Amino acid sequence: VIHLAPEMAVEKIRFMLSAQVDNGGGLPLVKFTHNPGHEDTPDDASYVQETGHPAYRADDALWLFPTVYKYVSETGNVAFIDEVIPFANKDEGTVYEHLKRAIDFSMNHLGKHGMPAGLYADWNDCLRLGADGESTFVALQFYYAMTILKEFAAYKKDDEYITYLDESQEKLGKIIQELCWNEDRFIRGFTGDGQVIGKRDDLEANMWLNPQSWAVISGFASDEQADKALEMVYESFPRLKERRNQSAGTLSGGEQQMLAMGRALMSKPKLLMLDEPSMGLAPILVEQIFEIILKLNQTGTTILLVEQNA
């Protein structure tokens, strides 16, 4: 998408970089009146009072890495990483410096296992691991961020920093592998008091989508681990396995319904609510969808179904 409107894209990226605090963290909420270089931060009582956001989130600054990388790789504008952009509160730095400070922010906010701390929240604002909890999803984001920054560091001939990233990434990778891989899936993380979220044998909430998808996106998961994390969905929807290399938008109506249900099942829901899943489908596909729904119900998933095709 970026290559279709590169100037529009880079303006949005500049804006988001200017919402990064000089300590490397991101503003949890960027105001309509955003004034780079002069903003309050979650460290200031005035910001908390105005926005209602009392602390940094673990993932905010880490989204900069894939965004900048996609822009540079799709446009070829490598010089962008030398562009100077202000921080939200004070000072300024090149895009490369912004990304390095984002790495520093995560390194300065690690939990007791050595993974990024949960802080106020990560991408899932409803899941509060606690300030001292640790998110597998954010750890995988952090792992990917280091992979990306090593490419930019190579362009800058910053060999000393590459060595630092290599060592840090190897250490983080060992922690994720030893603590977060649970037989056939990655756990969601740890609460501040050490409770594991997303274990295979948990009665509910034992499969979370973000750690599985980011294990693949980040390049961390082995082929075997990636396959196992998806196998549960493929068991219910074998048609999706046949179409796994196909864009979702090119699937048939029935296959898209299967995909939507499969995404929901990745979180192992106790209750699955379906609104007219047969709408617009050929009779043979309607029959297949209802057979799958029946099997899901028989395996213990409660189904709330709204359907005119009685």
Side-chain angles (χ1 to χ4, degrees), residues 57-59 111-113 115-141 175-218 220-221 224-241 244 248 256-277 289-307:
R57 286 173 165 77
D59 65 316
K112 64 182 181 181
H113 296 106
M115 300 196 307
L119 305 183
Y120 189 65
D122 63 13
W123 178 85
N124 186 339
D125 291 343
C126 297
L127 177 65
R128 298 294 169 82
L129 298 171
D132 298 322
E134 293 160 293
S135 165
T136 305
F137 156 57
V138 176
L140 290 163
Q141 267 193 310
I175 293 170
I176 297 172
Q177 190 68 270
E178 292 174 5
L179 299 181
C180 302
W181 177 248
N182 182 213
E183 295 187 39
D184 61 352
R185 69 201 65 196
F186 288 93
I187 64 168
R188 187 58 174 80
F190 301 90
T191 63
D193 60 5
Q195 179 186 357
V196 179
I197 304 297
K199 296 196 307 293
R200 186 178 187 275
D201 57 357
D202 284 345
L203 294 178
E204 55 186 52
N206 56 23
M207 171 64 82
W208 295 75
L209 178 59
N210 276 1
Q212 321 315 322
S213 57
W214 274 87
V216 177
I217 292 169
S218 67
F220 175 80
E224 182 181 2
Q225 288 173 325
D227 289 344
K228 283 185 176 180
L230 292 172
E231 195 58 40
M232 182 191 68
V233 172
Y234 289 151
E235 286 178 3
S236 297
F237 303 101
R239 187 70 169 173
L240 294 182
K241 190 169 186 177
R244 63 185 180 276
Q256 289 187 21
Q257 283 285 28
M258 294 177 189
L259 179 60
M261 292 169 64
R263 290 184 62 188
L265 288 172
M266 287 290 287
S267 63
K268 289 289 286 183
K270 190 173 182 179
L271 170 66
L272 186 62
M273 295 184 290
L274 301 171
D275 184 11
E276 299 194 62
I289 289 291
F290 282 132
E291 286 178 357
I292 291 169
I293 292 172
L294 181 60
K295 288 180 181 177
L296 291 173
N297 181 244
Q298 291 172 342
T299 59
T301 302
T302 300
I303 306 290
L304 175 60
L305 178 64
V306 178
E307 179 59 66

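Source: prediction; values computed, not measured.
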Audit row: F220, F186, side chain to side chain contact (heavy atoms under 4.5 Å, CB included) steps and yes/no: CA-CA 11 Å; F220 175 80; F186 288 93; 3.8 Å; yes

Walk me through it: do L271 and L304 pass the test side chain to side chain contact (heavy atoms under 4.5 Å, CB included)? CA-CA 7 Å; L271 170 66; L304 175 60; 4.1 Å; yes

Derivation of the side chain to side chain contact (heavy atoms under 4.5 Å, CB included) call for R188 and T136: CA-CA 5 Å; R188 187 58 174 80; T136 305; 5.7 Å; no

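- Interatomic distance, L129 CG to I197 CD1, rounded to the nearest 0.5 Å: 6.5 Å.
- For D201, the side-chain hydrogen bond (donor to acceptor under 3.5 Å, both in side chains) criterion is met by no residue, not counting sequence neighbours.
- Between the CG atom of L272 and the CD1 atom of I303 there is a distance of 4.5 Å, given to the nearest 0.5 Å.
- In this structure, CZ on R185 lies 13.0 Å from CG on L209, to the nearest 0.5 angstrom.
- In this structure, N124 contributes its side chain and C126 its backbone to a donor-acceptor pair below 3.5 Å.
- Contacts of N210 classified as side-chain hydrogen bond (donor to acceptor under 3.5 Å, both in side chains), with partners at least two apart in sequence or in another chain: none.
- Put simply, OG on S135 and CD1 on I187 are 9.5 Å apart, with the number rounded to the nearest 0.5 Å.
- Under the rule for a side chain to side chain contact (heavy atoms under 4.5 Å, CB included), the partners of A117 that lie at least two apart in sequence or sit in another chain are L119.
- At a threshold of 4.0 Å, the pair R200-D184 counts as salt-bridged, since one of the basic side-chain nitrogens sits closer than that to a carboxylate oxygen.
- Between Q177 and Q225, the side chains place a donor N or O and an acceptor N or O closer than 3.5 Å (distance only, hydrogens not considered).
- Distance check, rounded to the nearest 0.5 Å: CD1 of I217 to CD of Q212 gives 11.5 Å.
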Could you go step by step and tell me if I293 and N297 meet the side chain to side chain contact (heavy atoms under 4.5 Å, CB included) rule? CA-CA 6 Å; I293 292 172; N297 181 244; 5.6 Å; no

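- For the pair M115 and V138, the minimum side-chain heavy-atom distance is 4.5 Å or more.
- Of the possible donor and acceptor atoms, one in the side chain of W208 sits under 3.5 Å from a partner among the backbone N and O of A205.
- With rounding to the nearest 0.5 Å, the separation of OG in S218 from CZ in F137 is 11.0 Å.
- For D227 (side chain) and E224 (main-chain N/O), no donor-acceptor pair under 3.5 Å exists by modelled atom type.
- Residues satisfying the salt bridge (Lys or Arg N to Asp or Glu O under 4.0 Å) test with K112, not counting sequence neighbours, are none.
- For the side chain to side chain contact (heavy atoms under 4.5 Å, CB included) test, residues two or more places apart in sequence or in another chain that qualify with L179 are H113, I175, F190.
- Note on residues 128-139: no pairs pass salt bridge (Lys or Arg N to Asp or Glu O under 4.0 Å), not counting sequence neighbours.
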